[in-house]
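One structure is given below, encoded as structure tokens.
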2 protein chains.
Amino acid sequence: MLLDLLVDPSPDDLVAFLREHLQEGSALLQVAGTCEVAYTGRAASFADAGDYVVMLKADGSVQVHGYKGVKPVNWQPRTDDLWVGLDDAQAVLVAERRSPEELLRVAFLEPALVQALHLREGSGFVLRGSEAEMQRALAHDPSVIEEGLTVLDRELPTDVGGIDLFARDRYGRLVVVELKRAKGTQEAVHQLARYVESVRRFTGEEVRGLLAAPAVTKPALVQLAAAGLEFVEVTALPDVPDGPEQGSLFG
Amino acid sequence: MLLDLLVDPSPDDLVAFLREHLQEGSALLQVAGTCEVAYTGRAASFADAGDYVVMLKADGSVQVHGYKGVKPVNWQPRTDDLWVGLDDAQAVLVAERRSPEELLRVAFLEPALVQALHLREGSGFVLRGSEAEMQRALAHDPSVIEEGLTVLDRELPTDVGGIDLFARDRYGRLVVVELKRAKGTQEAVHQLARYVESVRRFTGEEVRGLLAAPAVTKPALVQLAAAGLEFVEVTALPDVPDGPEQGSLFG
DNA sequence: GGCTCTATTTCGGAG
DNA sequence: CTCCGAAGTAGAGCC
């Protein structure tokens with residue numbers, strides 16, 4: 001797991017270390033120390049001398065972490081070219097990317113530690129509670145939203161985007177359901193309004209619009225009322241296993 | 001900078017190490033090794049045995065990094081309670097948070113490395129090219145958008161959100177400007193349409209809607225045309241220094 | 001405290 | 001490839 005480690009490397013040693021392990025191409029590399037960081041691309045930023053931990057992953061992603069926060073101070077999601085060398089007697093890392101064209105440059109003023117780790121590729125990972133899962137569960141048992149609802153389609157494309165759930169209520173009226181895993185916002189209401197309008201225009205039928213979420217913000221509720229749309233609180237969901245057999249029900 | 005480091009620590013040593021440095025409270029801690037990670041809270045996730053680098057920052061944030069990607073596999077932006085101890089002869093880290101109630105648990109099955117680093121608090125950091133800066137620049141010189149434009153307000157609140165720039169054109173017509181730092185999407189068009197509708201309703205006047213961005217996507221352009229809205233390409237921006245004197249112009 | 005919005009969003013998926 | 005929308009979004013700003 002731990003492949004290699006140097007404490008207080010000289011600039012030369014740091015460059016050699018990084019080059020060697022980048023060559024290999026499968027290690028996660030970290031350099032901790034005082035750095036200067038510059039980024040240009042989608043925006044531009046510059047951080048003068050400060051203490052950071054620089055993490056280089058095997059997929060070419062680079063992130064520069066400061067003393068706080070989950071989010072790195074600077075980063076690059078992917079790099080097409082990675083260059084390591086000496087500049088003015090300092091070890092320097094340059095990560096470049098095309099499309100979008102961007103460049104991250106880290107100068108290691110005082111590297112305190114460099115290490116190479118080998119992380120085997122990911123193990124089984126399960127996430128529960130996404131909107132996709134919520135959609136699956138509600139399509140499987142729409143009575144949670146409303147009694148007598150019949151699901152016609154999921155992810156139904158319209159000219160203004162995809163409708164999460166498309167159904168008919170017990171009286172045969174068309175129902176557009178917009179799902180939100182978290183609190184429903186004005187944005188969600190507007191999305192719903194667009195869908196309802198589109199379906200109304202397309203079918204000429206009466207169309208109800210439901211926002212199904214665990215909660216709504218107050219402004220969203222006002223918007224809903226103003227637009228003649230409805231909110232349905234959806235919290236505890238029935239447990240539905242995922243799998244291809246579920247998808248085929250609605251293909 | 002490097003405070004302490006252990007290779008292949010025993011569970012007991014790992015727990016002692018973490019406790020000691022958490023006590024101190026100002027270090028960035030990292031554990032690399034084979035772990036099992038579980039999260040419950042806003043959603044739920046579970047990752048069985050895999051290789052990860054766990055990073056604990058002094059602000060209480062925790063992140064579990066896998067072999068790829070900028071984004072951690074699991075994380076916690078802030079923790080109200082951090083607990084380290086032995087469970088079934090394994091070192092275990094539990095990071096808990098209230099509001100939202102969530103919990104991250106990492107079991108270190110085979111810790112390969114643990115280290116403590118001291119990162120001095122951040123240095124000067126400058127970011128250029130954000131939407132805020134774009135807004136400042138365009139408010140300062142709206143002729144970049146259109147000749148004869150007079151800015152009335154920035155971040156003007158309406159019942160459906162805040163309008164980036166609110167202005168009158170050379171003929172005295174009201175203009176709502178929606179800014180996007182990157183390519184304008186359908187979402188931006190809908191947002192703009194919402195603002196325009198709101199202002200139209202509120203004032204009863206004729207209202208123009210402009211999407212100002214370096215580019216638009218094709219579907220967004222279609223939507224714009226359909227809604228009677230306009231696109232203005234805004235690329236090179238005048239260089240405007242930020243500072244309180246700028247803000248006061250529009251307070 | 002809650003609510004809203006931006007982001008160098010990242011990431012994954014669909015056309 | 002582009003485009004779109006979700007995210008346990010994170011984080012900042014405002015009320």
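Lettering follows sequence order; numbering is per chain, from 1.
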Roughly, in whole Å, what's the span from CZ in A/Phe125 to C1' in C/dG12?
14 Å
Please give the distance between the P atoms of D/dG11 and C/dC11 as a whole number of Å.
15 Å
Is it the case that A/His65 and A/Lys71 place a side-chain donor and acceptor less than 3.5 Å from each other?
no
Would you call B/Asp81-B/Arg98 a salt bridge at under 4.0 Å N-O?
yes
Nearest whole Å is fine: how far is C/dC5 P from B/Arg154 CZ?
17 Å
Table please: side-chain donor-acceptor pairs of residues 26-34 of chain A below 3.5 Å, with sequence neighbours left out.
from: A/Ser26; atom 1: OG; to: A/Glu24; atom 2: OE1; distance (Å): 3.4
from: A/Gln30; atom 1: OE1; to: B/Gln30; atom 2: NE2; distance (Å): 2.7
from: A/Gln30; atom 1: NE2; to: A/Gln115; atom 2: OE1; distance (Å): 2.8
from: A/Gln30; atom 1: NE2; to: B/Gln30; atom 2: OE1; distance (Å): 3.2
from: A/Thr34; atom 1: OG1; to: A/Asp51; atom 2: OD1; distance (Å): 2.8
from: A/Thr34; atom 1: OG1; to: B/Arg120; atom 2: NH2; distance (Å): 3.1

Does one side chain, of B/Gln76 or B/Gln63, offer a donor that lies under 3.5 Å from an acceptor on the other?
no
If I take atom CD in residue B/Gln135 and atom C1' in nucleotide D/dA12, what distance separates them, rounded to the nearest angstrom?
14 Å
Atom C1', compared across C/dT10 and C/dT6: separation rounded to whole Å
14 Å
Rounded to the nearest Å, what distance is computed from the CZ atom of residue B/Arg98 to the C1' atom of nucleotide C/dG1?
17 Å
Given A/Leu192, which partner from the list A/Leu211, A/Leu210, A/Val177 fulfils the side-chain contact (heavy atoms from CB on, under 4.5 Å) test?
A/Leu211
So, A/Thr79 side chain and A/Gly60 main chain: donor-acceptor pair closer than 3.5 Å or not?
yes
Protein heavy-atom contacts under 4.0 Å, written 5' to 3' over nucleotides 2-8 of chain D as B (base), S (sugar-phosphate only) or - (none), form the string -SSSSSB
Take atom NE2 of A/His65 and atom C1' of D/dG11, then tell me their distance rounded to the nearest Å.
15 Å
In whole Å, I'd like the distance from the CD atom of A/Gln63 to the C1' atom of C/dA7.
16 Å
Without decimals, in angstroms, what is the distance between A/Lys68 NZ and D/dA12 C1'?
10 Å
Nearest-Å distance for atom pair CD/P, residues A/Glu155 and C/dA14:
9 Å
